[in-house]
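Have a look at the structure below before the remarks.
Heavy-atom basis, side chains included; hydrogens, waters and symmetry copies ignored. Order of the sequence lines fixes the chain letters, A, B, ..., with proteins taken first and strands second; residue numbering starts at 1 for each chain.
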Amino acid sequence: MKELPKHFDFLDQTKIYKLWEDGGYFKPVKKAGVKPFSIIMPPPNANGFLHIGHAVFVTLEDITIRYHRMKGEPTLWLPGADHAGIQTQVVYEKELLKQGKTRFDLGRDEFYKQTYDFTMGNKKIMENQLRELGASCDWSREHFTLEPDISKSVYYTFKKMYDDGLIYRGERIINWCPRCGTALSDIEVIHKEKEGKLTYIKYPIENSNDFITVATTRPETMLGDTAVAVNPGDKRYKKYIGLNLILPLSSRKIPIISDEAVDITFGTGAVKITPAHDPLDFEISERHNLDVIEIISKDLKMTKEAGSKYSGLKYNVAREKVIENLKKLNLVEKQDNFIHSVGTCERCKSTIEPLISKQWFVKIKPLAEKAIKSVKSGEIKFTPKRYEKVYFNWMENIRDWCISRQIWWGHRIPVYYCQDCGEIIVEVEAPNKCKCGSKNIMQDPDTLDTWFSSGQWPFNTLGWDKEVSKGKKSKNGDFEYFYPTSVMETGMDILFFWVARMIMLGIYCTGKPPFTEVVLHGLVRDNDRQKMSKSKGNSVDPLGIVEIYGTDAIRMALVFGTGIGNDIVISEDKIKGFRNFSTKIWNASRYILMNLDGYKNVPRGTLEKMFTKEDLWIIKEFEKTTEKITNSLEKHNFHHAAEEIYEFFWHKFCDKTIEDTKKRIYEGSDKEKMVAKWVLFNVLSGSLKLLHPFMPFVTEAIWQNLNNKTPLIVSEWPKKL
RNA sequence: GGGCGCUUAGCUCAGUUGGCUAGAGCAUCUCGUUUACACCGAGAGGGUCAGGGGUUCGAAUCCCUUAGCGCCCACCA
């Protein structure tokens, strides 16, 4: 055995990681008939550096992975990176803006190429950051969402769903982000409370001197009204239902209709219906076969349909003009201040404009039904269980998923239109001619929602493709061996975006849910309970912390004292505390190694009768601790496990046992020394194993000095001493 | 409007199916320069477990209720 240097500040994490990686310990050895353990890593978005949130998943998943690997299970942790469609495009467009350019200056191909290079550069940095955090994942199986094989599978899924009638193209109301210039799905819209004005406008009734007053926050949309709706039970308006109104400023005749969706208590109880620019109005218009008049275009300017006085004006300019003109006609009853929630783009924060557009949608209900069943039946279990309710709540109220995006970065939709006969061709590989013989075919210009591809991540990365779907074996056999995977661990914030979609698409594509357990963690906050973010300036840079206090400290700080699923509170003081713990482990080990000169380990049985009461106590405590940690890890109770090993190592082993044995170590007989050394050596070895999943670097560094033939990472998880 | 959660020591949080004098880390105080470690050790103080009611032999834990806080979802015109 080698003595340890006095200070471990220079612990060479890179060297230790290399020892593991070069040793091939991250690669699972498949054993026929042995149940494997597998986690697909949530692929970080390859458009920036890792932040503290990434450190959380790395820590929790790496703990789980190391534990299962030590239990001797063929263990796979598959890493990857996500192209992150809109987000990356927004980030790179900002880069371009610094050069005074837009994506249109570059053109589609050049923009894609530059974004690709940018992404690959970030991906490489991220991979090394994952290494610094100790991620023991199998780099030989790493994937990227845009690589050719993955893309092919994504296209195949699209085609399969199209053929099954689960993907359709339709002209419907969607969320339009004017900044990004694309449609968004409902969950990419963040609703924020904003101050506005509620304007009450009088609509004259045809052949009458009566009016119906409607209230609106967007007066300019009246130019596109095609009805006014009231609740069928509203006595005030019953007599008017079926009559016509003369729409001010346009003189169009619009009907007064009745619909259950109208809230009697809101505003005047009469609501103007603008099907082209409001989701609820669109629904009502479908029920009543109303005309749809688009008066705002995608660049937020008024269309010709809005009338010659308004056409070409920006919508907010038009709004003022509409109010002004209505006032001249004495048709504005009043204007109230009003707080309402306004949809904004998740990525660029711009206000969303609902409008009619031709997009691709996933018919989601049939998929959702099976996804609900898989959790209800217990095929998939959530930790913490309370998130199952959140999941059901969302799944049961789900609406069709708009999957086409008018951006350039991502999987281009595998649909081709024949310019001659109008045929729609959906194919994995680009066709060179149409059935009609025409070679004049054009690919759909749009790309797929990034979550459409990440939703297939758990099986696409394992080699599922068209052939496997038809019953053939996957190329390397991974799909058959590792799928369904064991645990999906990720942030609570992407439960709907990702977890829900993986379950739906997993069941659809492979017939099986993609994992048997979902483990969700919370948000990272600072000591004042504030969410950590760069803009607030309160974020902890995990790699910066690694340099100062070491990876082991930050990992412990992230799991200690936080129940799984709850928000994680972390501060520099907390991390410092666990740096102290690393030092404690180092020093205790250094002391033991100093006193193990010439020590040869022997089986416990040969010393059984010579143990002191204190020896037997620590042995018993070790076994109790081992059992508790094992149980906690099985239940994903990371904080319990961490707290147990901390308490055991510091306050039982160091404070009690090491002190108790000093007398024997310094003054005892040879036999007493031998027994004391046995206890120190074996409890230390066992403790290093228990500590290893949490604090892999210090423990491995010490282990390397204990004359062990194999590294700690592949040592056997302990049961007894 | 619907749903979920939180309220425990000065601070940040644990507390598994109800069961010994309610725990940890940090902070505070006292003592200790013992040959692993001051990034340490020994010890101490500190809590009507948000308020009220109920079930029970027994409640921080289960039920009801009130108050405050946070989050998520939703078509508040």
Reading 5' to 3' through nucleotides 72-77 of chain B, protein heavy-atom contacts under 4.0 Å coded B for base, S for sugar-phosphate only, - for none: SS-BBB

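Comparing atom distances between the A:A588 side chain and each of B:A36, B:A14, B:C40 picks out B:A36 as nearest. Which of B:G15, B:A36, B:U16 sits closest to the side chain of A:H639 comes down to B:G15. Counting only heavy atoms from C-beta on, A:H640 has its side chain closest to B:A14 among B:C4, B:A36, B:A14.
Between A:D573 atom CG and B:C11 atom P the separation is 16 Å, expressed in whole Å. Between A:F649 atom CZ and B:A24 atom C1' the separation is 18 Å, expressed in whole Å. In this structure, CG of A:N595 is placed 14 Å from C1' of B:C37, rounded to the nearest angstrom. Between the CG atom of A:N566 and the C1' atom of B:C4 there is a distance of 12 Å, rounded to whole Å. Rounded to whole angstrom, the span from the CG atom of A:L523 across to the P atom of B:G70 amounts to 15 Å. Taking atom CG of residue A:N637 and atom P of nucleotide B:U16, one finds them 10 Å apart after rounding to whole Å. Between the C1' atom of B:C40 and the CZ atom of A:R579 lies a distance of 13 Å, rounded to the nearest Å. At whole-Å resolution of the value, CG in A:N580 and P in B:A38 are 11 Å apart.
Only the C1' atoms considered, B:C40 is 23 Å distant from B:G23, to the nearest whole Å. As rounded to the nearest Å, B:A60 and B:C6 have C1' atoms that lie 14 Å from one another. Going from the P atom of B:A44 to that of B:G5 covers 39 Å, rounded to whole Å. Here the separation of B:G46 from B:G25, taken at their C1' atoms, is 15 Å to the nearest Å. As rounded to the nearest Å, B:U28 and B:G45 have C1' atoms that lie 8 Å from one another. Distance check on atom C1': B:U61 versus B:A42 gives 35 Å, rounded to whole Å. Using C1' as the reference atom, B:U16 and B:C62 are 15 Å apart when rounded to the nearest Å. B:C72 sits 27 Å from B:A9 when the P atoms are compared, rounded to a whole Å.
The local environment of CD in A:E171 is crowded, with over 12 non-hydrogen atoms from other residues, nucleotides or ligands closer than 6.0 Å. Other residues, nucleotides and ligands contribute over 12 non-hydrogen atoms within 6.0 Å of the NZ atom of A:K365. Few gaps surround CD on A:E396; more than 12 heavy atoms of other groups in view lie less than 6.0 Å from it.
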A:E489 vs A:H636, side-chain hydrogen bond (donor to acceptor under 3.5 Å, both in side chains): CA-CA, chis, key distance, verdict: CA-CA 10 Å; A:E489 195 286 330; A:H636 316 294; over 6 Å; no

Derivation and outcome, side-chain hydrogen bond (donor to acceptor under 3.5 Å, both in side chains), residues A:Q13 and A:T551: CA-CA 8 Å; A:Q13 296 194 175; A:T551 295; 2.8 Å; yes

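Within 4.0 Å (heavy atoms only), A:I658 reaches at least one base atom of the nucleic acid. Among the atoms of the strands shown, none is found under 4.0 Å from any heavy atom of A:K574. Within 4.0 Å (heavy atoms only), A:E659 reaches at least one base atom of the nucleic acid. Among the heavy atoms of the strands lying under 4.0 Å from A:Y666 are primed sugar atoms or P, OP1, OP2 only; no base atom is included. Nucleic acid contact for A:K662: base, since at least one base atom lies under 4.0 Å from a heavy atom of the residue. If you check every strand for non-hydrogen atoms under 4.0 Å, A:H636 touches nothing.
When each of A:Y387 and A:K635 is assigned the nucleotide of RNA chain B bearing its nearest heavy atom, the one mapping closer to the 5' terminus is A:Y387.
Counting only heavy atoms from C-beta outward, the side chains of A:M222 and A:T216 never approach each other to under 4.5 Å. The shortest distance between side-chain heavy atoms of A:W401 and A:D449 falls below 4.5 Å.
Partner assigned to B:U48 is none, using Watson-Crick or G-U wobble distances below 3.5 angstrom. Taking a pair to require two hydrogen-bonding distances under 3.5 Å in either a Watson-Crick or a G-U wobble arrangement, B:C40 pairs with B:G32. Nucleotide B:C26 forms a pair with B:G10, judged by Watson-Crick or G-U wobble geometry with both contacts under 3.5 Å. Judged by Watson-Crick or G-U wobble contacts below 3.5 Å, the nucleotide B:U16 has no partner. Judged by Watson-Crick or G-U wobble contacts below 3.5 Å, the nucleotide B:C4 has B:G70 as its partner. The partner of B:C62, taking Watson-Crick or G-U wobble pairs whose two distances both stay under 3.5 Å, is B:G54.
A salt bridge links A:K662 with A:E659: at least one charged nitrogen is closer than 4.0 Å to a carboxylate oxygen.
Sorted by first and then second residue, the pairs that involve residues 215-233 of chain A and meet salt bridge (charged side-chain N to carboxylate O under 4.0 Å, His left out), not counting sequence neighbours, are A:R218-A:E220, A:R218-A:E353, A:E220-A:R319, A:D225-A:K272.
Annotation: A:F578 is in aromatic contact with A:Y646 [ring centroid separation under 6.0 Å].
Remark: A:H651 is in phosphate contact with B:G25, judged by side-chain N or O atoms under 4.0 Å from OP1 or OP2.
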